[in-house]
There are 2 protein chains.
Amino acid sequence: MANSNLYKGSLTTIILKLLSEHDKMYGYEITQKVKALTKGELKITEGALYPSLHKLEAEGLLDVEVAKVDNRLRKYYKLTEKGTTETVHKLSELEQYIATLQSLINPKLSY
Amino acid sequence: MANSNLYKGSLTTIILKLLSEHDKMYGYEITQKVKALTKGELKITEGALYPSLHKLEAEGLLDVEVAKVDNRLRKYYKLTEKGTTETVHKLSELEQYIATLQSLINPKLSY
DNA sequence: ATATATACATAATTTTCTTATGCATGCAAA
DNA sequence: TTTGCATGCATAAGAAAATTATGTATATAT
């Protein structure tokens, strides 16, 4: 699988996108979802994930709700209104960046 | 143009790819080529470029040849054999990563 | 008892940028 | 004539965003 590393900068967008599709998710769930969706290609480490979630919360893009399930702590995150707006923005930026990369690394496929 | 920033990790691959198509290039030429190919979307800063070139050279992926043109210094870089191999490798990693991203951010387009 | 899965968290370190600055040449515009 | 812009290199300081290594705790399976 080559390299399970993230390209720095894309994690935040990935988190926001998942939350835009799932109403609310907790950290561990996000790591599992990403692993499943990418067939193991991408593994979000806790050391990257949790600080990211905290930052998104601090920026007002996510709201948190703590829950106790099966005697275990879970922190559910969901998009705020601002977070929803920012998701659209960050997604289009990432898509634009991918298109730009394509024009460099695979010019023939860039229409 | 949203955000002219690089996603960290892709610069090296971009440099190698350009060199795989152009035999030899000098730093400033690379910045101009990238700007042209991406229609101004991506601007490689010198602060990112030169340290990258030096690192690639130190790793044995590039050879340097100094030339004086119009009384100005130019340092031409070209791929070594090892560099050519590594280019193939890094390109496929980046393409794989892009495909993985697509499967997360735009599932419908991933066939 | 030990390992694995679930669930959170943070500290130290590394990588890789941005921003700012510096040096030098050549040319065009004011 | 000096001011700015393009050409061409370089490095230092700082920021951002990861990796790696820990730590805590519960539950289940071996």
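Numbers restart at 1 for each chain; the letters A, B, ... are given by sequence-line order, proteins then strands.
Between E46(A) and L11(A), the residue whose closest nucleotide on DNA chain D is further toward the 5' end is L11(A). Residue-to-nucleotide proximity on DNA chain D shows that, of Q32(B) and K75(B), the 5′-proximal contact is made by Q32(B).
Atom NZ in K8(B) sits about 12 Å away from atom P in dA15(D), given to the nearest Å. Across the protein-nucleic acid pair, E29(A) atom CD and dA5(C) atom C1' stand 15 Å apart, rounded to whole Å. Atom NZ of K24(B) is separated from atom P of dG8(D) by 13 Å (rounded to the nearest Å). Taking atom NZ on K35(A) and atom P on dA5(C), their separation rounds to 8 Å, with Å as the unit. Rounded to whole angstrom, the span from the CG atom of L53(A) across to the C1' atom of dC8(C) amounts to 11 Å. We find that CG of L16(A) is positioned 12 Å from P of dA17(D), with the value rounded to whole Å. Protein atom CG of N71(A) is 14 Å distant from nucleotide atom C1' of dT24(D), rounded to whole Å. For I44(B) and dT19(C), the CD1 to P distance is 13 Å, given to the nearest whole Å.
Using a 4.0 Å cut-off, no side-chain N or O of Y26(B) falls inside it from OP1 or OP2 of dC9(D). Proximity of H54(B) to the phosphate of dC9(D): no side-chain N or O atom is located under 4.0 Å from OP1 or OP2. Within the 4.0 Å cut-off from OP1 or OP2 of dC8(C), at least one side-chain nitrogen or oxygen of Y50(A) is found. At least one side-chain nitrogen or oxygen of K55(A) sits closer than 4.0 Å to the OP1 or OP2 atom of dA17(D). In this model, the phosphate group of dG8(D) is approached by a side-chain N or O of R74(B) to a distance below 4.0 Å at OP1 or OP2.
To the nearest 0.5 angstrom, Y26(B) atom OH is 10.5 Å from K33(B) atom NZ. How far OG1 of T80(B) is from CD of E59(B): 10.5 Å, rounded to the nearest 0.5 Å. Separating the NZ atom in K55(B) from the OG1 atom in T12(B) is a distance of 6.0 Å, to the nearest 0.5 Å. Distance NZ/K90(A) to CG/L94(A): 10.0 Å, rounded to 0.5 Å. Interatomic distance, L19(A) CG to D63(A) CG, rounded to the nearest 0.5 Å: 11.0 Å.
Closest approach to the A48(B) side chain among dC17(C), dA27(D), dT19(C) is made by dC17(C) (side chain taken as heavy atoms from C-beta onward). Checking dA27(D), dT25(C), dA18(D) against the side-chain heavy atoms of S52(A) singles out dA18(D) as nearest.
Residue G27(A) is in sugar-phosphate contact alone, with no base atom involved, counting any heavy-atom pair closer than 4.0 Å across all strands shown.
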